[in-house]
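A quick note: this is a predicted structure, and the numbers were derived from the prediction, not measured. All heavy atoms count here, side chains included; hydrogens, waters and symmetry mates do not.
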Amino acid sequence: MENSKYPQFTFTWIGGLVLVIGMILGTTVVSLVNVFWMFVFRQNLQYSDAYLMIGNAAGFLSAIALFDFLIVRPTTKKKLNFNFSPTNFYTYLLIFPMMLGMMFIAEFITSLIPVTGPFFGKYYEFFNQLMDQLTYNRVVMVITAVIMAPIFEEIIFRGIIQKGLINKGVAPWKAILSASIIFGLVHANPWQFVGAVLLGCVLGLVYYRTKSLLLAMFLHAFNNLCSSLLISYTKNESFAEAAHVSEWVILVVGIVLFSVFYYLFTNNKIHYSED
């Protein structure tokens, strides 16, 4: 591994702080550009469809760059780099049904979270308004959710946090779970938290076993594409409502899909290497 082109960095609370600072710096720059634009051209870019997309991209890019220059290069003498190699077709046949099964399971659990009441009611209304803003322009929604989010989020949560924890000596399952919980928390709402943690565990497992961040990105994009299609054509993110079946049916199908393909994936004899 000493001759590997992939740096063996570790992830600590300092690295987490660097990521947060980088995210703040990136979004702050975009905000300052908006202030300048308002002052000169009397137009608030915040109301444009692309503003949120650009702001997210700037935040993620600056966080990744700052982590690279302040943590990775000084400690490993190498630049931040990941394995984006594709794999054999058989692996794809295993991981996508496994992911779909977990998506069904996550939907069922999420459906149990209240959407009414003094706290959940107002929070859910605010969440829906935010989602309406994010999904108003379908082109921006697809670019942001299906392309940008899988790339940037997988680099940070699986490529940096999970891998950095494993490099530090943390047990793989603990690293996968920790990265997934952090992934869920940054969504900042209970309805996406559950799905983010559960799906994050699948993404983390796939990345850990295949060593390829590309596969995790593909699965993440698949999940977000399904959500985008459901929102566009059914006004919600429910497979059960789209298929006109009970959430219990979705749960059972999800458990069967996930269990079968999890077993096949974790017991396949294919050797994956990062080098």
Side-chain angles (χ1 to χ4, degrees), residues 5-39 44-46 48 50-84 126-127 130 133-134 140 143-145 147-170 174-190 192-193 196-197 199-201 203-204 207-208 213 216-217 220 224:
K5 63 181 178 180
Y6 305 110
Q8 296 302 299
F9 60 87
T10 59
F11 183 79
T12 65
W13 69 269
I14 297 178
L17 182 61
V18 168
L19 288 176
V20 172
I21 292 174
M23 184 70 71
I24 294 173
L25 287 176
T27 53
T28 299
V29 169
V30 174
S31 298
L32 292 176
V33 171
N34 184 42
V35 172
F36 171 79
W37 197 270
M38 289 174 60
F39 180 77
N44 190 348
L45 298 177
Q46 188 173 356
S48 66
Y51 179 83
L52 185 60
M53 177 179 67
I54 296 173
N56 283 339
F60 281 122
L61 286 171
S62 61
I64 295 169
L66 208 64
F67 187 86
D68 181 23
F69 283 100
L70 296 185
I71 303 296
V72 178
R73 299 194 187 201
T75 58
T76 68
K77 308 305 179 184
K78 298 178 182 178
K79 65 180 181 179
L80 192 62
N81 191 19
F82 301 103
N83 178 12
F84 295 109
F126 170 77
F127 171 65
L130 179 61
Q133 180 183 353
L134 293 173
V140 172
I143 294 175
T144 303
I147 299 175
M148 288 173 43
I151 294 174
F152 294 141
E153 292 178 4
E154 289 312 302
I155 287 176
I156 288 179
F157 294 103
R158 254 59 63 180
I160 291 178
I161 297 178
Q162 177 182 308
K163 184 178 181 180
L165 289 173
I166 293 176
N167 289 342
K168 188 183 176 184
V170 176
K174 291 183 180 180
I176 292 171
L177 182 59
S178 298
S180 299
I181 291 175
I182 298 172
F183 181 51
L185 289 173
V186 299
H187 284 77
N189 68 82
Q192 289 183 320
F193 172 79
V197 172
L199 299 174
C201 287
L203 296 170
Y207 178 47
Y208 172 67
L213 199 58
M217 290 177 177
H220 195 150
N224 289 6

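- Side-chain N or O atoms of Ser62 include one that pairs as donor or acceptor with a backbone N or O of Gly22 at under 3.5 Å.
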With side-chain contact (heavy atoms from CB on, under 4.5 Å) as the criterion, how do Phe11 and Asn167 come out once you've worked through the C-alpha distance, each side chain's angles and the decisive distance to 0.1 Å? CA-CA 8 Å; Phe11 183 79; Asn167 289 342; over 6 Å; no
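- Taking a 6.0 Å sphere around OH of Tyr51, one finds it holds more than 12 heavy atoms contributed by other residues, nucleotides or ligands.
- For the atom pair Leu80 CG and Ile71 CD1, the distance stands at 11.0 Å (nearest 0.5 Å).
- For the pair Tyr6 and Asn81, the tightest heavy-atom approach, listed with the atom from each and the gap, is CD2-O, 3.6 Å.
- Between Phe60 and Phe152, the ring planes lie parallel to each other; the angle is under 30°, not in the 30° to 60° tilted range.
- No more than 12 heavy atoms of other residues, nucleotides or ligands shown are found within 6.0 angstrom of CZ on Phe36.
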Between Ser178 and Leu165, does the side-chain contact (heavy atoms from CB on, under 4.5 Å) criterion hold? Intermediate values first, please. CA-CA 9 Å; Ser178 298; Leu165 289 173; 4.0 Å; yes
Would Glu154 and Tyr207 count as a side-chain contact (heavy atoms from CB on, under 4.5 Å) if you check the C-alpha gap in whole Å, the side-chain angles of each, and the deciding distance to 0.1 Å? CA-CA 9 Å; Glu154 289 312 302; Tyr207 178 47; over 6 Å; no
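- Heavy-atom minimum distance, Ala145 versus Pro150: O-CD, 3.2 Å.
- For the pair Arg158 and Phe183, the distance from NZ or CZ to the six-membered ring centre is under 6.0 Å and the angle to the ring normal is within 45 degrees.
- The CG atom of Leu61 sits 13.0 Å away from the CG atom of Leu25 when rounded to the nearest 0.5 Å.
- Separating the CD1 atom in Ile54 from the CG atom in Asn34 is a distance of 10.0 Å, to the nearest 0.5 Å.
- When atom types are taken as modelled, the side chain of Gln162 and the backbone of Gly204 share a donor-acceptor pair closer than 3.5 angstrom.
- Here the shortest heavy-atom pairing between Gly184 and Ala196 reads CA-CB, 3.6 Å.
- Of all non-hydrogen atoms in Pro7 and Thr76, the two that sit nearest each other are CB-OG1, 3.5 Å.
- Among Ile14, Leu19, Ile21, the one residue that satisfies the side chain to side chain contact (heavy atoms under 4.5 Å, CB included) test with Leu17 is Ile21.
- With rounding to the nearest 0.5 Å, the separation of CD in Glu153 from CD1 in Ile160 is 12.5 Å.
- Between Met148 atom CE and Asn224 atom CG the span is 12.0 Å, to the nearest 0.5 Å.
- Taking the side chain as every heavy atom from C-beta outward, Leu199 and His220 never approach each other to under 4.5 Å.
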Test side-chain contact (heavy atoms from CB on, under 4.5 Å) applied to Leu52 and Val140, step by step: CA-CA 9 Å; Leu52 185 60; Val140 172; over 6 Å; no
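- Screening Lys79, Arg73, Lys78 against Asp68 for a side-chain hydrogen bond (donor to acceptor under 3.5 Å, both in side chains) leaves a single residue, Arg73.
- When all heavy atoms of Ile176 and Tyr208 are compared, the closest pair comes out as CD1-CB, 4.2 Å.
- Phe67 pairs in a side chain to side chain contact (heavy atoms under 4.5 Å, CB included) with only one of the listed residues (Ile156, Val72, Ile161), which is Val72.
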